[in-house]
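Below: one structure, written as structure tokens.
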Amino acid sequence: LNPNTYTYPPIKDLYLEVSKLYNVSPKTIKWSIRTSVDTLNRSLSIDTLCSVFSLKFRPETVTPKFFIALIVEHFK
């Protein structure tokens, strides 16, 4: 998974669909994901992330879009 070549679907669509499943606002979903990713960036080194997900490149930071794509690929 390379963020420079991977085409992401619109993340707004994801927020909307998940918000329907959990009966909360898309803004709440966005905030929750952003908060989780911010915590991940503060608590986990990029090297550890690369090791856990077997990344062949080293991203500078993890964004919500990248993290969602990473999780989806991991569980495929």
Side-chain angles (χ1 to χ4, degrees):
L1 183 64
N2 186 331
N4 297 323
T5 59
Y6 185 81
T7 303
Y8 299 104
I11 198 164
K12 290 179 186 177
D13 293 346
L14 175 69
Y15 297 150
L16 182 60
E17 292 304 314
V18 173
S19 72
K20 290 177 188 175
L21 288 172
Y22 292 97
N23 198 28
V24 296
S25 73
K27 189 175 182 177
T28 298
I29 298 299
K30 181 179 179 178
W31 178 85
S32 296
I33 292 171
R34 169 62 69 189
T35 301
S36 297
V37 170
D38 287 347
T39 300
L40 179 133
N41 281 322
R42 283 192 314 273
S43 305
L44 188 68
S45 74
I46 292 296
D47 292 332
T48 301
L49 183 77
C50 291
S51 175
V52 169
F53 289 102
S54 302
L55 298 178
K56 294 178 174 54
F57 67 98
R58 190 178 187 283
E60 289 184 32
T61 188
V62 177
T63 65
K65 286 182 185 181
F66 179 70
F67 183 72
I68 291 166
L70 189 63
I71 294 299
V72 167
E73 282 295 314
H74 183 73
F75 287 107
K76 272 188 177 180

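Positions are given from 1, in the same order as the sequence printed here.
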I want to check something: taking the side chain as every heavy atom from C-beta on, are L70 and L55 in contact at a cut-off of under 4.5 Å?
yes

Which residues share a side chain to side chain donor-acceptor pair (under 3.5 Å) with S32, sequence neighbours left out:
none

Gap between atom CD1 of I29 and atom CG of L16 - 0.5 Å precision
10.0 Å

Between I46 and E60, is there a side-chain heavy-atom distance shorter than 4.5 Å?
no

Are side-chain heavy atoms of T28 and S19 found at a separation under 4.5 Å?
no

Side chain of T48, backbone of L44: donor and acceptor closer than 3.5 Å?
no

Between V52 and I68, is there a shared hydrophobic cluster once you connect ILVMFWY residues whose side-chain heavy atoms come closer than 4.5 Å?
yes

Listed by chain and number, what are the side chain to side chain donor-acceptor pair (under 3.5 Å) partners of S51, not counting sequence neighbours?
none

Pairwise side-chain contact, I33 with Y15, heavy-atom cut-off 4.5 Å (strictly under):
yes

So do F53 and I71 actually touch side chain to side chain, heavy atoms under 4.5 Å?
yes

Between W31 and V62, is there a shared hydrophobic cluster once you connect ILVMFWY residues whose side-chain heavy atoms come closer than 4.5 Å?
no

Quick one: are F67 and T63 in side-chain contact, heavy atoms under 4.5 Å?
no

Student check: side-chain heavy atoms of E17 and L21 closer than 4.5 Å
no

Within-4.5 Å side-chain heavy-atom neighbours: C50 and S45:
no

